[in-house]
Protein chains: 2
Amino acid sequence: MEEGTSEVPRHSDCTDDACQWDHREDCEVRQILDRIGDKWSMLVIALLDNRCMRFTELRKTIDGISQRMLTVTLRQLERDGLVRRTVHPVVPPRVDYELTPLGVTLHATVQSLVTWTETHQTEIAAARARYDALNPA
Amino acid sequence: MEEGTSEVPRHSDCTDDACQWDHREDCEVRQILDRIGDKWSMLVIALLDNRCMRFTELRKTIDGISQRMLTVTLRQLERDGLVRRTVHPVVPPRVDYELTPLGVTLHATVQSLVTWTETHQTEIAAARARYDALNPA
DNA sequence: CAGTATCCGTGTGGATACTG
DNA sequence: CAGTATCCACACGGATACTG
């Protein structure tokens, strides 16, 4: 924990305003980006937009997710303050999940990334085809 | 390859406009998001903004990346049409990397995610601390 | 229903050595 | 300098079984 290095360690010769974040392994931005970039978190965030969903409802909607990974993902998102988990003391148990206000703001940002991907997926597919044609296995 | 299911398989009870993409495992959006969400791609995209950089320059700037992973990451980005690789036939070799126009558009989108993270990282840290306090290991 | 617990396969990525 | 080529460790995540 070398907290002594108090300066923001952006790379030394960076003079560009757009280069706002550093690139250390322990960079907090990267910690959070790793969460967002994991296999399932974005799917859950996207689904919970404006909506409250139950565990099984999420499980059925997200194709291919295992019970374990849904639990793990929801716990992480809850820990990060992005999702609120509400347990109803009934039998059988009922647990609702919804975005927190913080989660809602993330959803908007993630949505723009999704939109970018949708907009450009044909270009990317074309680029890949071109590359693969020029670079045989 | 069940191309027969021509309908977009968004979850059946979704009536929300914000729910624009489906959640299948083979969803193209997810393929691309997986690339963007991998360990190093975003770092490279972020660094190449408005700039042309050499291999070693990237290597030195991105803390913790191995030679292998930088090569792999750059090749994937090149294949996706996001980065252009230029080899100068000199000795010793010189290879420059820069964003393509498509890569530039992605950079803008990624940057908004980075900005979100920077803006909210203290909130997330607080939420984690709160959660960890309530949920002992 | 909404989980936990356990086991285990695989892919991602790190370390190291070598090369045009 | 800018890579390839191998080898390998470990975290991620899937399958299965069990439970309050």
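Labels below follow one simple rule: chain letters A, B, ... track the order of the sequence lines, proteins then strands, and each chain is numbered from 1.
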- For Thr73(A) and Leu70(A), indicate whether the former's side chain and the latter's backbone hold a donor-acceptor pair under 3.5 Å. no
Students should find that the end-to-end axis angle of the helix from dC1(C)-dG20(D) to dG20(C)-dC1(D), with five pairs defining each axis and rounding to 10 degrees, is 50°
Next item on the list: State plainly whether one hydrophobic cluster holds both Tyr97(B) and Val90(B), where clusters connect Ile, Leu, Val, Met, Phe, Trp and Tyr through side-chain heavy atoms under 4.5 angstrom apart.
Entry: no
Any link between Tyr131(A) and Leu74(B) through a network of hydrophobic side chains (Ile, Leu, Val, Met, Phe, Trp, Tyr) touching at under 4.5 Å? no
Nearest heavy-atom contact between Thr117(A) and Leu33(B) is OG1-CD1, 3.3 Å
Closest non-hydrogen contact found for Met53(B) with Leu47(B) is SD-O, 3.9 Å
In terms of heavy-atom contacts, Gly103(B) and Leu99(B) come closest through O-CD1, 3.8 Å
5'-most to 3'-most nt of DNA chain C touching chain A (<4.0 Å, heavy-atom partner on protein side) reads dC1(C) to dT6(C)
On DNA chain C, more 5' by nearest nucleotide between Arg54(A) and Asp38(B) is Arg54(A)
Show your reasoning for whether side-chain contact (heavy atoms from CB on, under 4.5 Å) applies to Ser41(A) and Ile36(A).
-> CA-CA 6 Å; Ser41(A) 292; Ile36(A) 295 163; 5.8 Å; no
The reported gap from CD in Gln121(B) to CH2 in Trp116(B) (rounded to nearest 0.5 angstrom) is 10.0 Å
> Within the structure shown, what part of the strands sits under 4.0 Å from Arg59(B) by heavy-atom distance: base, sugar-phosphate, or nothing?
Replying inline: nothing
Rounded to whole Å, CG of Leu70(A) lies from P of dC12(D) at a distance of 17 Å
What one should report as the nearest heavy-atom pair of Arg30(A) and Asp63(B) is NH1-O, 4.0 Å
Nearest heavy-atom contact between Glu57(B) and Thr61(B) is O-OG1, 2.6 Å
Per the under-4.0 Å heavy-atom filter, residues of residues 79-96 of chain A near DNA chain C come out as Arg85(A), Pro92(A), Pro93(A), Arg94(A), Val95(A)
Between Tyr97(A) and Met69(B), the residue closer to the 5' end of DNA chain C by nearest nucleotide is Tyr97(A)
